[in-house]
Number of protein chains: 2
Amino acid sequence: MPTIRDVAKEAGVSVATVSRVINSNGYVNEDTKKKVVKAIQLLNYKPNAVARSLFKKQSMTIGLIIPDITNPFFPQLARAVEDVTNDKGYTIILGNSDESSEKEKEYLDIFEQKYVDGIILATNTLTSEQIAALEKPVVAVDRPIDSGIPTVVAQHRDGAHVAVKHLVGIGCQTIAHIRGPEHVVSADERYKGYLDIVQNQQWYSEQLVVSGNYTIKDAYKASLNLIKERPDIDGIFAGNDLMAIGALKAARELKKKVPEELAIIGFDGIDMCETTYPELSTIVQPVYEIGVTAANMLIDLIENKRVNNQYFEYPVQLKVRNSTRGQTPKNCG
Amino acid sequence: MPTIRDVAKEAGVSVATVSRVINSNGYVNEDTKKKVVKAIQLLNYKPNAVARSLFKKQSMTIGLIIPDITNPFFPQLARAVEDVTNDKGYTIILGNSDESSEKEKEYLDIFEQKYVDGIILATNTLTSEQIAALEKPVVAVDRPIDSGIPTVVAQHRDGAHVAVKHLVGIGCQTIAHIRGPEHVVSADERYKGYLDIVQNQQWYSEQLVVSGNYTIKDAYKASLNLIKERPDIDGIFAGNDLMAIGALKAARELKKKVPEELAIIGFDGIDMCETTYPELSTIVQPVYEIGVTAANMLIDLIENKRVNNQYFEYPVQLKVRNSTRGQTPKNCG
DNA sequence: ATGAAAGCGCTAACAA
DNA sequence: TTGTTAGCGCTTTCAT
């Protein structure tokens, strides 16, 4: 790989001049500029990003930490982040944390050492002190960390209200909740939202809430028990779509008709909802938009632009499909 | 952030000595070592990876280019790559190419400029010359590029044989194929595998092959037409699972019973197969393993270890589910 | 308008 | 065993 010196020699100018033209920076005569450009093309010169980073203390890369790219919610988010940052010349380093604060810390260290310019974080385990110590822009997505940190999330709690009210609206009398992992903010919020609506109903009991760990499998098992123990349940609000799918599976196995005997609704709006049978009603989060907003905000922060609003809470949307309504002859979905 | 000089000063030694202890490199007295370690801890010093990269011409990062992380096949792959590389101290830069050679080239340039140590590529559009020009280890996954390039793939063609034979085996008389995009090697191979089995059958006609672009939507539309025009079709081999899901949808809409009147089988083995109704039979690729193997190979290449076998072709596995067999009373799936 | 040179933080000869 | 120093490739003052 040719260096800036090679280009300078080839063009018969100094490295400073070459630097000026590649950065469109400072005065440089039209003719010399042409010479330099020609030399650059001749040698197929590309500036060394590492050397540049060392000097500038920035790398044009942003770090993205998510729990697990394998969880269907996150690829969309990652894609959004990549799309907008890439557009502005940034490149992204991806880290799966598995919700482990160890791993997260490791990544943060690496990000620091690599002069990453900013970080997007979907996590709970980090404290705001740790984040402040980074001295870099950070935006939290999906799960708020601390009011001091720029954040983009969905209205988890409100979404839960909508979901549960929808179940009530279609006539459910006993509504259970399969909740996500403890201490995961989104799961807690959705659970609270459920409680807001049901806890004063006389049919409500703590027995109606089980844990599904945000996974199909755990939710499947939990649902099996739940439905057996409380055959009167006629509605389930699952904390995410994967768990709703697990519940669907359990219902099928126990010959509970969905939605006639048991209505099920999820949360997130992942693609799988449209491929289950019956198709799954859900509360759709604007994942891609969340990612876009977070990425844009981060870049503004990095580039020291004014960021008026540092907290975005996106409304969610009820999407009714067949898991919460009778089959209509045509136009299903 | 403290630098190596700060540590040296704090410990009362030279930067070289500090360098020696952080790299466990060269002789250093136990006592001085202790002093240095202490200073490092005191200052919470972390070596600057950028400066190090500049000198060493390597960055401990590897580039991963895939078509689209949003396609459910790739998160698994990405996860595998991340898991093994991260374990060895590497970090990954993710790029979505959307099958565009433009974008791919941009990423390669960036990778070059950032001293990325090696690259894993799932692509078709790049030529082996472009890759050779990189002068870095590259391994191709999912889609072979050129026999000169280290490669890890699944047995696409063989898998297609298995799929089609399975359909024949359960009694299908007229088997259609929904193929993936032209010029995408995996799609071409699977198509060829289909042809291998059926082209000498008297019922075979080119009409039985339609394009589904590896997406649910396109496959859904294509299937709608296909089934209407050729109601005699009783088996569909889809080039991937997403397209099989599209076909499933079309079948349901046209009131074709799956599998009784129409058996459907996909390819890949993505999670969604288990959440459709009926559950989808498929040819399972060992995606995660493919990623692991590719990543290990890449690292060996980077570290100049001997790599005996540079071409891995993973066998695939028929997974029979209800989309190609009658419902059995219990133990379905 | 252009060039010389210092320095970003680190590593590795080479000296001592 | 330890220190001095050149240099990785670039940017940016400061001269000219």
Side-chain angles (χ1 to χ4, degrees), chain A residues 1-40 43-61 89 109-117 135, chain B residues 1-40 43-61 89 109-117 135:
Chain A
M1 273 190 36
T3 73
I4 199 172
R5 302 186 90 90
D6 300 322
V7 176
K9 200 173 295 173
E10 176 69 35
V13 300
S14 75
V15 296
T17 303
V18 177
S19 176
R20 289 194 185 95
V21 352
I22 61 187
N23 295 296
S24 326
N25 191 347
Y27 304 101
V28 33
N29 183 300
E30 268 307 311
D31 285 346
T32 41
K33 183 170 172 180
K34 269 179 202 152
K35 280 194 295 184
V36 172
V37 169
K38 207 166 141 195
I40 287 175
L43 299 177
N44 187 26
Y45 167 75
K46 295 181 208 97
N48 181 320
V50 176
R52 197 176 260 178
S53 291
L54 180 59
F55 184 89
K56 307 256 267 181
K57 295 182 189 309
Q58 55 161 56
S59 61
M60 296 305 283
T61 101
D109 282 350
I110 292 176
F111 289 170
E112 220 175 329
Q113 302 186 61
K114 288 203 197 256
Y115 280 157
V116 155
D117 298 331
E135 298 184 327
Chain B
M1 270 190 36
T3 72
I4 198 172
R5 302 187 91 92
D6 300 322
V7 177
K9 199 173 296 172
E10 176 69 34
V13 299
S14 75
V15 294
T17 302
V18 177
S19 176
R20 288 190 188 99
V21 350
I22 61 186
N23 295 295
S24 324
N25 190 348
Y27 304 100
V28 31
N29 183 298
E30 269 307 312
D31 285 348
T32 41
K33 183 171 172 179
K34 269 179 201 149
K35 280 194 295 186
V36 172
V37 169
K38 205 166 143 196
I40 287 176
L43 300 177
N44 188 24
Y45 166 76
K46 295 181 209 99
N48 180 320
V50 176
R52 197 176 259 178
S53 291
L54 180 60
F55 184 89
K56 306 255 267 180
K57 296 181 188 308
Q58 55 160 58
S59 60
M60 295 306 283
T61 102
D109 281 351
I110 292 175
F111 289 171
E112 220 175 328
Q113 303 186 62
K114 288 202 195 255
Y115 280 157
V116 156
D117 298 330
E135 298 183 326

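Within every chain, numbering begins at 1; the chains are lettered A, B, ... in the order of the sequence lines, protein sequences first and strands thereafter.
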Inset, instruction - Indicate, with a heavy-atom threshold strictly under 4.0 Å, whether A:Ser53 touches base, sugar-phosphate, or nothing. - result: nothing
Legend entry - Side-chain N or O of A:Ser14 closer than 4.0 Å to phosphate OP1/OP2 of C:dG3: yes
Legend entry - B:Ser19 side-chain proximity, nearest of D:dT11, D:dC10, C:dT11: C:dT11
Inset, instruction - Using the closest heavy atom to pick a nucleotide of DNA chain D for each, name whichever of A:Pro47 or B:Phe55 lands nearer the 5' end. - result: B:Phe55
Inset, instruction - Return no unless some side-chain N or O of B:Tyr27 is found under 4.0 Å from OP1 or OP2 of D:dG3. - result: no
Legend entry - Student check: side-chain heavy atoms of B:Met1 and A:Glu135 closer than 4.5 Å: no
Inset, instruction - Respond yes when some side-chain nitrogen or oxygen of A:Tyr115 is under 4.0 Å from OP1 or OP2 of C:dC10, and no when none is. - result: no
Legend entry - Side-chain touch B:Thr17/B:Lys35, heavy atoms, less than 4.5 angstrom: no
Legend entry - Pairwise side-chain contact, B:Thr61 with B:Lys114, heavy-atom cut-off 4.5 Å (strictly under): no
Legend entry - Residue B:Ala51, side-chain atoms from C-beta onward, closest of C:dG9, D:dT1, D:dT11: C:dG9
Legend entry - Side-chain N or O of B:Thr17 closer than 4.0 Å to phosphate OP1/OP2 of D:dG3: yes
Legend entry - Separation of D:dT11 C1' from B:Leu54 CG (nearest whole Å): 13 Å
Legend entry - Under-4.0 Å side-chain N/O to phosphate OP1/OP2 contact, B:Asn25 with C:dT11: no
Legend entry - Protein-nucleotide distance (A:Ile4, atom CD1; C:dA4, atom C1'), rounded to Å: 14 Å
Legend entry - d(CZ, A:Arg52; P, C:dG9) in whole Å: 18 Å
Inset, instruction - Write down the distance between CZ (A:Arg5) and P (C:dG3), rounded to a whole number of angstrom. - result: 13 Å
Inset, instruction - Pick base, sugar-phosphate or nothing for B:Val13, based on heavy-atom distances below 4.0 Å to the nucleic acid. - result: sugar-phosphate
Inset, instruction - Find which nucleotide of DNA chain D each of B:Gly12 and A:Pro2 is nearest to by heavy atoms, and output the residue with the more 5' nucleotide. - result: B:Gly12
Inset, instruction - Kindly say if B:Thr32 contacts the phosphate of D:dT2, meaning a side-chain N or O under 4.0 Å from OP1 or OP2. - result: yes
Inset, instruction - For B:Gln113 and D:dC8, give me the distance from atom CD to atom P, rounded to whole Å. - result: 19 Å
Legend entry - Phosphate-side-chain proximity, A:Lys57 and D:dT11, N/O vs OP1/OP2 below 4.0 Å: no
Legend entry - Heavy-atom side-chain proximity of A:Asp109 to A:Gln113 below 4.5 angstrom: yes
Legend entry - Separation of atom CZ in B:Arg20 from atom P in D:dT1, rounded to whole Å: 11 Å
Inset, instruction - Count the heavy atoms belonging to other residues, nucleotides or ligands that lie under 6.0 Å from NZ of B:Lys38, then report whether that count exceeds 12. - result: no
Legend entry - Between D:dC8 (C1') and B:Gln58 (CD): distance, integer Å: 13 Å
Inset, instruction - Take atom CG of B:Asn48 and atom P of C:dC8, then tell me their distance rounded to the nearest Å. - result: 12 Å
Legend entry - Criterion side chain to side chain contact (heavy atoms under 4.5 Å, CB included) against B:Val28, the qualifying member of B:Val18, B:Val21, B:Val13: B:Val21
Inset, instruction - Return the nearest nucleotide to the side chain of A:Val15; candidates are C:dG9, D:dT11, C:dA12. - result: D:dT11
